[in-house]
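Only one structure is covered here, and it is reproduced in the block below.
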Amino acid sequence: MTGKKRIVLLGATGSIGQSTLSVIRNARDDLELVGISGNSRFRELAEIAREFRVPHAALADENAYRDCREAGAFPGACRLRSGISGITELAVLPEADVVLVASSGTAALGPALAAIEAGKDIALANKEILVLAGKFVTAAARKHQVRLLPVDSEHSALFQCLEGRRTEDVSRLILTASGGAFIDREPDELARVIPADALRHPNWSMGPKVTIDSATMANKGLEMIEAHWLFSFDADRIDVVLHRQSIIHSMIELTDGSILAQLSPPCMTFAIHHALMYPRRVPGVAKGLDFSEVHRLDLAPLPPGRFPCLTLAREALHAGGVAPAVFNTANEVAVEAFLAHRFPFLHIPHVIDNTLEAFDNFEPRTVNDVLEVEKAARRTASELVQSQPWKKIS
Ligand code: NAD
Ligand code: MG
């Protein structure tokens, strides 16, 4: 490729957003930021606009947008937009080559679909939109011949292992899981854990939602569904193995029994860099594995029965239709309540299970179908969270 790749970064103020900024800072000859978005933290977004001289920005939250305008926080050379329409305008900027979707939640679905329709390659950190509407996102990417480049570290690993390989030579995908914050806790201790405990991830520093999802292993469930859509493997050909060190990011098994893996230190820089530079390989990304030190690579089965959220996700993927969308929404509602100290950790899978039970599954025909299901599942899950006499636990 000649010239710089021009990037729109949705979710610039988040954890992946920050890691992406450091990748771009170190690759200014190859990468240029042309658009950034955030939800409400306008001063941080303005700082990024200033540092990278970004010409276009958007804030999702309309109140934050008004406050930002009043405060005159943005540099004059940056055109600031607001709301979902503002973010969608960024996603289709004519000058953009790649849109990195690093905002959390399903609000990114519309902008991501618009970017695909405008022919932009997508670097995808956000897994929720594939879980909600993978069928539509992947169909649109095929139709418009754009790339879906995974940024989630496991999927980046699978993508790299699968590259250039015939699908019929691959028997299964093996996702690695660190085990999250509570892997060494006794099951009865989990009844008393509070958000601060769950937010202490042993290997990764991430946003709050994905960190809680790591502790419940719902994250691995979402990743299983994400892998299904990205690589067209069925649920029974996607396994999960416990790997505490988060150095092997995932593996594929070939039909002859050989296993291929991708390794790097547990930091998102490698996956972000790979997606943004694709298909180039560029030296000096970050400090690699240092074999003058001892590294352990433990691989073990998951403790049986310990992670009901993962089992529910597998069942939802098997069921297909709107079940994964219901799973994702119910999990989101339960995690929000847990993070707000309104709900105990151990009840998160109950809300998911009961919400799934409440829905008759069907095959969605349009994106609107899944958005309607999401709304309804949010109502059902919120009622379930509130209907219980659960006390504030802190
Ligand atoms: P985060 O909470 O740190 O950041 C979220 C970003 O999204 C922020 O910039 C926020 O302003 C923006 N945002 C939130 N709600 C929004 C809305 N309604 N509209 C527009 N923007 C909104 O989250 P994160 O850890 O950076 O994760 C981002 C995404 O990447 C998630 O989907 C997560 O599952 C995925 N992911 C994260 C990691 C990680 O290491 N952090 C790894 C793999 C995948
Ligand atoms: Mg991951």
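Whatever order the structure lists them in is the order used to number ligands and atoms, beginning at 1. The shown structure was predicted, so the numbers you read here are calculated from the model rather than taken from an experiment.
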Next item on the list: Name whichever N, O or S atom of Glu154 ends up nearest to the Mg ion (ligand 2).
Entry: OE1
Next item on the list: Sort out for me which residue in Ile122, Thr20, Leu10 forms a side-chain contact (heavy atoms from CB on, under 4.5 Å) with Leu100.
Entry: Thr20
Note down each nitrogen or oxygen pair, ligand 1 side and protein side, whose separation is under 3.5 Å; give only atom names and the distance to 0.1 Å.
| from | atom 1 | to | atom 2 | distance (Å) |
| --- | --- | --- | --- | --- |
| ligand 1 | 3 (O) | Ser15 | N | 2.9 |
| ligand 1 | 7 (O) | Ser104 | N | 3.2 |
| ligand 1 | 9 (O) | Gly11 | O | 3.3 |
| ligand 1 | 9 (O) | Thr13 | N | 3.4 |
| ligand 1 | 9 (O) | Thr13 | OG1 | 2.7 |
| ligand 1 | 9 (O) | Gly14 | N | 3.0 |
| ligand 1 | 11 (O) | Thr13 | OG1 | 3.2 |
| ligand 1 | 11 (O) | Asn39 | N | 2.8 |
| ligand 1 | 25 (O) | Gly207 | N | 2.8 |
| ligand 1 | 26 (O) | Ser15 | N | 3.1 |
| ligand 1 | 26 (O) | Ile16 | N | 2.9 |
| ligand 1 | 32 (O) | Glu128 | OE1 | 2.6 |
| ligand 1 | 32 (O) | Glu128 | OE2 | 3.4 |
| ligand 1 | 41 (N) | Ser15 | OG | 3.4 |

Margin query: Restricting to N, O or S, what is the name of the atom of Asp152 that lies nearest the Mg ion (ligand 2)?
Written below: OD1
Item checked: Residue Glu223 atom name (nearest to the Mg ion (ligand 2); N/O/S) -> OE2
Next item on the list: Could I get the full list of ring-ring contact (aromatic ring centres under 6.0 Å, His included) partners for Tyr278, not counting sequence neighbours?
Entry: Phe159, His274
Next item on the list: Not counting sequence neighbours, which residues clear ring-ring contact (aromatic ring centres under 6.0 Å, His included) with His144? List them please.
Entry: none
Check: For the rings on Phe338 and Phe343, is their centre-to-centre separation under 6.0 Å?
Finding: no
Check: Are Met224 and Leu148 connected, step by step, through hydrophobic side chains (Ile, Leu, Val, Met, Phe, Trp, Tyr) whose heavy atoms are closer than 4.5 Å?
Finding: yes
Margin query: Can you pull out every salt bridge (Lys or Arg N to Asp or Glu O under 4.0 Å) where at least one residue sits in residues 68-89? Sequence neighbours excluded, please.
Written below: Arg79-Glu89, Arg81-Glu89
Note to self: Counting only heavy atoms not in Arg43 (residues, nucleotides, ligands), do more than 12 fall under 6.0 Å from its CZ?
What the structure shows: no
